[in-house]
Amino acid sequence: MPAPRTHEPPDAPPQDAASDVVRWAAFSCVLVPVVLVGYGGSLAGATGAALGLVAVTGVCRLLLRQSERGAARLLAEQNNGHRGRHGRTGVGAHRGTRQSADSAPLD
């Protein structure tokens, strides 16, 4: 039985959901003022709406990217296996060698 068809070619990069949201928001930043003017709104009002949408879109884009970075960092931490407070693996992982009282030089 053949594999089910998908909308993406097999060698296509994975889609970025945040980029899709930002693209649709940018489209809205253009579409809303055109519709406002088309339905008799003032040019100043349409410009104000466009500027407001651009500001909101920019802030949302920053928050989405920050959230993605945090999720990636959390996933990387979980995959690496947290090794403790200072990132050491155990007693033998120290840089220097430990000397017992028996091996210390006598004066």
Per-pair distances, 0.1 Å, donor-acceptor, side chain in residues 32-59, under 3.5 Å, sequence neighbours excluded:
| residue | atom | partner | partner atom | Å |
| --- | --- | --- | --- | --- |
| S42 | OG | G45 | N | 2.9 |
| T47 | OG1 | L43 | O | 2.8 |
| T57 | OG1 | L53 | O | 2.7 |

Keeping to residues at least two apart or across chains, list the salt bridge (Lys or Arg N to Asp or Glu O under 4.0 Å) pairs with something in residues 45-57. none
Just jot down the side-chain hydrogen bond (donor to acceptor under 3.5 Å, both in side chains) partners of R65, sequence neighbours excluded, or say none. D16, S19, E68
